[in-house]
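Okay, structure first, notes after.
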Protein chains: 2
Amino acid sequence: MKASHAHLVTLKEAPADAEIVSQKLMIRAGMIRRIAAGIYSWLPLGLRSLRKVEAIVREEMNRAGAVEVLLPVVQPAELWQESGRWEHYGPELLRFKDRHERDFVLGPTHEEVITDLVRRDLKSYRQLPRHFYQIQTKFRDEIRPRFGVMRAREFIMKDGYSFHADFTDLEREYRNMYDTYTRIFTRLGLKFRAVAADTGSIGGTGSHEFHVIADTGEDDIAYCPASSYAANVELAEALPPPGPRPEPREPLVKVHTPGVKTIADLVDFLHIPIERTVKAIVVEGEDGAPVLLLLRGDHELNEIKAQKLPGIKNPLTFADEAAIRATFGAGPGSLGPIGFPGRIIADRTVAKMADFVIGANEDEHHYTGANLGRDFPEPEVADLRNVVAGDPSPDGKGTLEICRGIEVGHIFQLRTKYSEAMHCTFLDAEGRERPMEMGCYGIGVSRILGAAIEQNHDERGILWPAAIAPFEVVICPIGAAKSPMVAEAAEAIYRDCLAAGLDVVLDDRNERPGAMFADWELVGVPWRVVVSERGLAAGRYEVQHRREREARTLPIGEVVAELAASINAEKKPLG
Amino acid sequence: MKASHAHLVTLKEAPADAEIVSQKLMIRAGMIRRIAAGIYSWLPLGLRSLRKVEAIVREEMNRAGAVEVLLPVVQPAELWQESGRWEHYGPELLRFKDRHERDFVLGPTHEEVITDLVRRDLKSYRQLPRHFYQIQTKFRDEIRPRFGVMRAREFIMKDGYSFHADFTDLEREYRNMYDTYTRIFTRLGLKFRAVAADTGSIGGTGSHEFHVIADTGEDDIAYCPASSYAANVELAEALPPPGPRPEPREPLVKVHTPGVKTIADLVDFLHIPIERTVKAIVVEGEDGAPVLLLLRGDHELNEIKAQKLPGIKNPLTFADEAAIRATFGAGPGSLGPIGFPGRIIADRTVAKMADFVIGANEDEHHYTGANLGRDFPEPEVADLRNVVAGDPSPDGKGTLEICRGIEVGHIFQLRTKYSEAMHCTFLDAEGRERPMEMGCYGIGVSRILGAAIEQNHDERGILWPAAIAPFEVVICPIGAAKSPMVAEAAEAIYRDCLAAGLDVVLDDRNERPGAMFADWELVGVPWRVVVSERGLAAGRYEVQHRREREARTLPIGEVVAELAASINAEKKPLG
């Protein structure tokens with residue numbers, strides 16, 4: 001394509017309401033334009049990248065045995081009433097009436113529509129399994145749409161739904177989709193992690209999220225560089241430290257700690273490492289009685305883990321200061337287990353500590369040299385905390401790192417939630433009517449572009465992976481308006497790139513080199529070839545990758561083959 | 001693809017509410033399913049055909065120099081208020097409020113959105129012309145959606161919008177699109193006509209419709225088989241018959257015509273050809289005075305033509321019987337020009353008639369041997385009638401035929417309607433601010449499939465053109481469940497077809513031959529190859545085109561090459 005034709009409309013400044021880097025860069029690079037809050041038009045450059053994502057998703061879904069359909073944007077309310085979601089979905093489900101006053105919704109997702117289709121057309125176990133997917137426009141009426149295509153109201157999603165005769169077959173397809181999503185995000189050229197939504201191992205879990213790794217991500221992810229383990233920090237298991245608990249060596253000593261209210265105060269006051277302190281937190285039991293949770297001073301309580309423990313009130317409820325004083329005779333900054341007759345639960349790490357410092361249940365007093373079993377009864381032990389970097393990986397294969405991620409995919413075992421509500425049944429081999437087992441599998445197609453930019457950008461603009469760049473190569477002629485030789489040479493290498501199957505754009509706008517280079521660096525085209533009279537005289541063109549600081553020169557005759565080799569290597573087709 | 005995977009769900013009967021043949025066949029063949037009135041899901045087979053239409057449209061639009069964008073389904077009301085269409089569009093424009101009570105519409109078309117985009121990003125004549133198009137989901141809240149995808153509420157459309165510095169350049173692009181649409185519908189394998197929305201010649205007209213020819217079409221089209229002339233019957237010009245008016249030969253004779261009220265009565269009573277009769281119709285002039293229109297007895301008054309004549313009330317208003325009696329002294333069945341002192345306008349055909357029969361302005365009396373100029377003053381002459389088959393073509397190149405058509409495309413010169421209302425201006429070479437000239441160009445992508453079936457079907461099902469068939473070839477093995485030899489041979493020729501680039505489906509369902517053949521005839525796959533033990537023994541497979549009554553047998557080794565040659569010939573790539 002010629003640049004004059006590509007509708008290249010770059011902006012020096014992002015609009016004032018753009019909040020994050022991908023949003024700013026997509027607008028500045030002329031990929032999208034905002035039409036209303038959370039609603040964008042895709043300009044030609046943006047659409048080129050979007051279509052490349054779609055094509056990879058489509059290829060891999062077809063390869064995996066799913067079959068494409070196209071379901072409507074506008075859905076009748078009856079189906080949502082049948083599933084129960086008409087009541088439960090909340091205001092993100094945009095509802096409206098047609099001219100005959102019938103209720104409809106703008107589809108945020110399509111479980112109801114596909115389940116209705118399947119129950120009408122599939123009746124026998126012989127017709128199962130089936131997996132339908134679509135790549136289609138969705139609408140969610142976000143209360144506060146923001147971040148460009150990352151949290152838009154109108155967006156493009158790949159959503160797939162699979163139907164099975166039994167759970168074993170659903171699990172097979174779930175693994176198939178786990179592998180397929182891994183292939184998709186690998187082919188897109190993105191650093192990503194599959195994150196377990198509960199235990200972190202694929203077998204038997206009902207849900208995985210796929211996150212693009214980026215410092216600006218909204219979610220904290222714990223992962224193990226030595227294995228495929230990854231989980232949302234809040235869901236990752238914190239293992240007990242290895243080895244036995246050390247023997248007590250210090251006597252229990254009550255010390256006066258004037259002004260100490262927090263662990264930080266305590267560490268400062270006593271000049272001890274924070275790892276020698278234990279904090280005590282009071283929550284309510286199911287019966288309303290206080291329960292004391294013990295965590296190492298530098299660890300964070302994980303409320304999800306705590307509220308899942310038997311006998312603990314769910315959702316987790318912290319005791320207020322009055323109740324704490326009534327029970328312990330001290331404020332929250334000086335609590336401890338010694339002398340407390342109620343239920344005590346120690347985090348696994350605390351259970352391996354000796355000679356620690358803890359509150360004395362007397363304001364501005366703490367104990368040093370405290371020990372479990374010796375100074376208070378052995379407590380219950382549980383995993384109560386968030387993992388931290390350096391913790392052992394729960395799969396036993398190394399230590400955990402923490403990173404931030406942007407969710408771009410989600411696979412989920414729906415089981416029979418919709419098939420039971422909507423009577424989507426089949427006859428099994430024995431002629432019994434049974435609800436189908438269902439899985440659903442989503443990819444935020446338009447969101448991927450925002451996430452890719454969050455992961456890949458610098459101060460000059462976007463750094464697209466070759467697989468989803470709007471163009472792979474840009475040809476920049478210098479002074480073509482005045483030099484027919486340069487113009488012809490640029491056309492010639494442009495045609496050679498096309499013939500080699502490269503996705504190339506020729507900048508025929510006759511811009512000055514500085515403006516031209518800045519535009520394409522902003523847009524983030526991976527490879528730039530500069531055609532100039534000097535280059536022609538030397539028989540070599542300047543070739544530069546967007547991530548390289550310096551240009552190389554290559555003999556003119558080798559440029560196209562070199563680009564093709566590099567680009568094909570980067571796009572690395574999978575086996 | 002294997003049939004087990006293609007979600008082949010055929011129905012013996014169409015649902016009771018299906019009204020037309022394409023709707024019935026698309027549902028029976030498992031291409032679409034109705035979700036609500038005018039809202040359909042596309043099943044895999046239907047989507048395959050839809051994507052083929054999209055691909056051809058996209059290729060030809062790109063080739064023509066248009067560039068693809070993707071605009072939102074949900075549009076803010078402000079843009080429609082700015083263009084004035086918020087007031088004028090009527091209830092087909094579906095309006096709703098979001099959770100913040102802001103007004104939005106579901107886009108039935110995108111003039112406002114694209115004009116807003118262009119005015120923001122394009123400022124100079126140097127950036128013009130530009131042509132943006134998209135292939136996208138639209139919604140029109142039809143009061144009575146019907147006919148399946150032919151008049152759906154949610155549908156897929158290609159809409160393009162061009163922007164120009166002057167009218168001459170708009171006209172150039174309009175011709176470019178006329179040619180592009182001609183290429184598109186030719187490649188789709190459809191019989192079609194480009195129909196002028198006014199004079200019937202491309203130069204200088206503001207609008208053409210593209211119609212797929214089908215007996216079940218809603219519009220009557222006059223066309224000339226010897227040229228490219230085509231126009232809506234109501235807009236086609238009826239030329240004067242050639243040659244001079246014959247000399248009068250009969251005397252004027254008043255005859256008693258008891259019981260004669262209509263032209264048909266008159267023809268029966270007098271035993272004369274209808275072409276010798278003239279009917280008189282009384283309409284109101286702008287001043288309210290009666291005007292007498294004369295048409296040959298077998299011709300139909302064209303009200304659009306009549307009401308455009310100077311001095312005639314617009315919209316055309318027929319005199320009531322009381323007014324007629326007061327003026328003429330007779331009822332509508334016995335009127336004529338002789339003795340009428342007011343304005344008389346004769347159709348061009350009447351102006352070339354002599355010795356005709358006409359009402360005598362006396363109930364149950366007519367004149368025979370009536371002649372213009374001799375028996376009443378020479379009247380005004382105008383084109384007052386609808387054309388009929390056999391009329392000379394207005395372009396002078398042969399005679400007209402009449403057919404019925406389904407509108408599937410429309411090109412239109414918007415001129416500055418939207419650019420003026422929305423201040424979409426540019427600076428010309430002299431630095432003056434001017435509104436852009438605009439054109440718009442639509443294709444009903446999903447509607448095309450319905451129209452293609454209306455044109456191509458028989459009692460067994462659909463007869464797809466190869467270019468848009470869900471598959472080009474189906475391999476039908478006979479008895480593969482019991483014969484591994486047949487199963488292997490079917491797989492082998494399936495793979496050979498794939499290798500030859502054919503879009504092939506292998507029926508691996510182990511159905512009986514009758515059911516299998518009936519399914520694929522209903523679906524309308526153009527070519528069928530039957531693999532059987534008998535065929536293997538003879539070294540020849542049965543090959544049959546969907547339009548052929550009998551199968552041929554071909555040596556096994558020649559089947560794929562023969563199919564590829566036929567299919568590629570039918571898909572006829574254009575130069």
Side-chain angles (χ1 to χ4, degrees), chain A residues 1 4-7 9 11 30 33 35-37 39-44 46-48 50-51 62 65 67-76 78-79 91-92 94-100 102 104 106 110 113-114 116-117 120-122 127 130 132 134 136-137 139 141-143 153-154 156, chain B residues 1 4-7 9 11 30 33 35-37 39-44 46-48 50-51 62 65 67-76 78-79 91-92 94-100 102 104 106 110 113-114 116-117 120-122 127 130 132 134 136-137 139 141-143 153-154 156:
Chain A
M1 186 177 277
S4 57
H5 189 72
H7 194 60
V9 281
L11 304 176
R33 288 288 178 266
I35 300 298
I39 301 178
Y40 289 85
S41 288
W42 291 84
L43 301 189
L47 186 61
R48 290 181 74 86
L50 190 70
R51 295 281 192 237
N62 290 346
V67 61
E68 191 171 0
V69 295
L70 185 61
L71 308 177
V73 173
V74 172
Q75 306 178 6
E78 289 77 14
L79 292 176
E92 281 186 15
L94 197 143
R95 299 149 211 248
F96 62 90
K97 289 180 190 293
D98 73 0
R99 65 192 291 172
H100 300 300
R102 291 196 202 97
F104 286 86
L106 283 187
H110 281 71
V113 171
I114 195 76
D116 175 60
L117 268 185
R120 288 198 267 166
D121 276 325
L122 300 183
Q127 295 170 298
R130 287 280 162 93
F132 301 98
Q134 61 173 344
Q136 188 244 22
T137 300
F139 197 92
D141 202 3
E142 295 272 357
I143 190 162
R153 295 199 284 179
E154 184 170 325
I156 295 176
Chain B
M1 185 176 278
S4 58
H5 190 72
H7 194 59
V9 281
L11 304 176
R33 288 290 179 264
I35 300 298
I39 301 177
Y40 289 84
S41 289
W42 291 84
L43 301 188
L47 186 61
R48 292 180 74 86
L50 190 70
R51 293 283 192 235
N62 290 345
V67 60
E68 192 171 359
V69 296
L70 185 62
L71 308 177
V73 173
V74 172
Q75 307 177 8
E78 290 76 16
L79 292 177
E92 282 186 15
L94 198 145
R95 299 148 211 250
F96 62 91
K97 289 179 190 295
D98 73 0
R99 67 194 288 172
H100 301 301
R102 292 195 203 97
F104 287 86
L106 283 187
H110 281 71
V113 171
I114 195 76
D116 175 59
L117 269 185
R120 288 198 267 166
D121 277 325
L122 299 183
Q127 295 171 299
R130 287 280 162 92
F132 302 98
Q134 61 174 344
Q136 188 244 24
T137 299
F139 196 92
D141 202 2
E142 296 270 358
I143 190 161
R153 293 200 285 180
E154 184 171 324
I156 295 176

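Every value quoted in this text rests on a predicted model; they were computed, and no experiment measured them.
The part of A:Y40 that comes within reach of chain B is its backbone (N, CA, C, O), which places non-hydrogen atoms under 4.5 angstrom from that chain. Contact annotation for B:D141: both backbone and side-chain heavy atoms come within less than 4.5 Å of a heavy atom of chain A. Heavy-atom distances place the side chain of B:L47, and not its backbone, under 4.5 Å from chain A. When heavy atoms are compared at a cutoff of 4.5 Å, B:L71 approaches chain A by way of both its backbone and its side chain. Only the side chain of B:F104 comes within contact range of chain A, judged by heavy atoms closer than 4.5 Å.
No other option in A:Q134, A:R120, A:Q75, A:Q136 has as many heavy-atom pairs under 4.5 Å with chain B as A:R120. Your options are A:G30, A:P44, A:P72, and the one with the most heavy-atom pairs under 4.5 Å with chain B is A:P72. Contact count against chain B (heavy-atom pairs under 4.5 Å) is highest for A:R99 among A:R48, A:E154, A:R153, A:R99. Annotation: maximal heavy-atom pairing with chain B below 4.5 Å, among A:I39, A:V67, A:V74, occurs at A:V74. The candidate with the highest count of non-hydrogen atom pairs below 4.5 Å against chain B, out of A:R33, A:R130, A:H7, A:R102, is A:H7.
Evaluation of the side-chain hydrogen bond (donor to acceptor under 3.5 Å, both in side chains) rule for A:E68 yields A:R58, A:Y133, B:R51 as partners, not counting sequence neighbours.
A:I35 and B:L79 get closest at one heavy-atom pair: CG2-CD1, 4.2 Å. B:F96 and A:L106 get closest at one heavy-atom pair: CZ-CD1, 4.0 Å.
Annotation: side chain of A:L43 is in contact with side chain of B:D121 (closest heavy-atom distance under 4.5 Å). Between B:T137 and A:L70 the shortest side-chain heavy-atom distance does not fall below 4.5 Å.
Screening A:L117, A:I114, A:V69 for a side chain to side chain contact (heavy atoms under 4.5 Å, CB included) with B:S41, the sole residue that qualifies is A:L117.
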